[in-house]
Amino acid sequence: MRFWPLPIIVAASLPLTALKLPQNDRKPVTHKSAPASAAAVHRSAIVIDTHADTTQRMLDDRYDLTEPLIGGYLNFASAKAGHLGAEFFSIWVDPTLYQGHFARRTLELIDAVHEQAAKHPDQMTPTLSPEDIERAHREHKLAALMGIEGGHSIEDSLGLLRDYYRLGVRYMTLTWSNSNDWADSSGDIDDPNVKHTQDGLTDFGKDVVYEMNRLGMMVDISHVSDKTFYRTVITSRAPVFASHSSARALTNSPRNMTDDMLRAVARSGGPGSHGGVVMVNFYSGFISDSWRNAWNAQAPERQAAEKAQVAQWKAEGRDVTYGILDAMDKQWAAKIPRPPLSVLIDHIDHIAKVAGIDHVGLGSDFDGIPASPEGIDSAADLPKITAALIMRGYSAEDCHKILGENFLRFFREVQATAARLQTESAERPTIGAQLP
Ligand SMILES: [Zn+2]
């Protein structure tokens, strides 16, 4: 997703402290003596990234993953170089541009992923399950998965939700930066002109979560408001995850998660659950306060200039695609010094310490962000993260967890929960749970 049309929002006042979660009984981070080679550790991992917006490039710019990057973060060559095993292609529908046509746009984006896989069956394989990810890894192909970013895509229809699952979508972010009819977003929660829910999720919103649980579609709480987050955690019968969010204690963005939220994800899913995962977002604005402040300070000038430029292009009859808008943002972002890679590692480290080593992973947001830390220019640079973690004392086992095993465990549990729920004929327990 892109950032430019969004209002700048300072962290909302967070009245919702009512839900006291028990202190996490996480295992400590294992700091063993340095293993042999960071490259070997990285190569022996199944590397999974849970968020890339490359889909829009594929659909609108007809970008083919065999091409050079041309300003992007992800293609087959970079995935291979970075030993990327599985990518979740984001199905993100711009809520302003596609007003009235959310489902159509959703279906076209899904089609773009399937078409790319059909064109290159030797390099990329449509993937539906944790077992499929492991199989793709053995076959040295990129496992292609899909996640819908924003519940507005279902147009208030559980039937559409089920259709998307049938087409291969395996997670849904309940909201993008826009609130919908049944869940609230951190992106507009302070906007008095936007209608919000009473309790974070409406009764229909709870049904959506429950139906996702029953289908085996992972519930993604990146982007949602804090109240919607807590309501979702207590509603979901399966553990929940954040597909692309970082730590608010380190960088004060409402898109990031507080320490209490990190622990809540780790403990989500109820008794017997192994909990969810927080997949760290690489965006400079989510991992560095100084970068974020500079970007926000630049906003009035940037937004005015971009608006004028787009108006001029449109007047000239030029097709202003996602790639063009993305490139424009990147030019502005380039005026701000990039944060060092160490700040991204700080976020991974913080989440590993607060939520537990079993509850952190990677959600790059490649091709949806205008800037990333120094050294991370494409998927080819993923091994640098492993090397930096090892330098900080993370063991090979810990690195493997962060790189993909934590997510695989979570994905397996979501699917196992669905299998169990499908055998139960019990009434849907989605209505009635009230926050104190
Ligand atoms: Zn996003």
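Each residue takes its place number in the sequence, starting with 1. First listed ligand is number 1; within each ligand, the first listed atom is number 1. Values reported hereafter were calculated over all heavy atoms of this structure, with side chains retained and with hydrogens, waters and symmetry mates removed.
When distances from the Zn ion (ligand 1) to the N, O or S atoms of His244 are compared, NE2 comes out shortest. When the Zn ion (ligand 1) is compared with the N/O/S atoms of His223, atom NE2 turns out nearest.
Checked against the 6.0 Å centroid criterion, the rings of Phe88 and Phe366 do not qualify as a close aromatic pair. If you look at His274 and Phe410, their ring centroids are not closer than 6.0 Å.
Put simply, His51 stays out of reach of the Zn ion (ligand 1), with no N, O or S atom under 2.8 Å from it. Coordination check, Glu149 versus the Zn ion (ligand 1): passed, since an N/O/S atom of the residue sits under 2.8 Å.
Arg104 is linked by a salt bridge (charged side-chain N to carboxylate O under 4.0 Å, His left out) to Glu108, counting only residues two or more places apart in sequence or in another chain. Remark: Phe102 engages His152 in a ring-ring contact (aromatic ring centres under 6.0 Å, His included) (not counting sequence neighbours).
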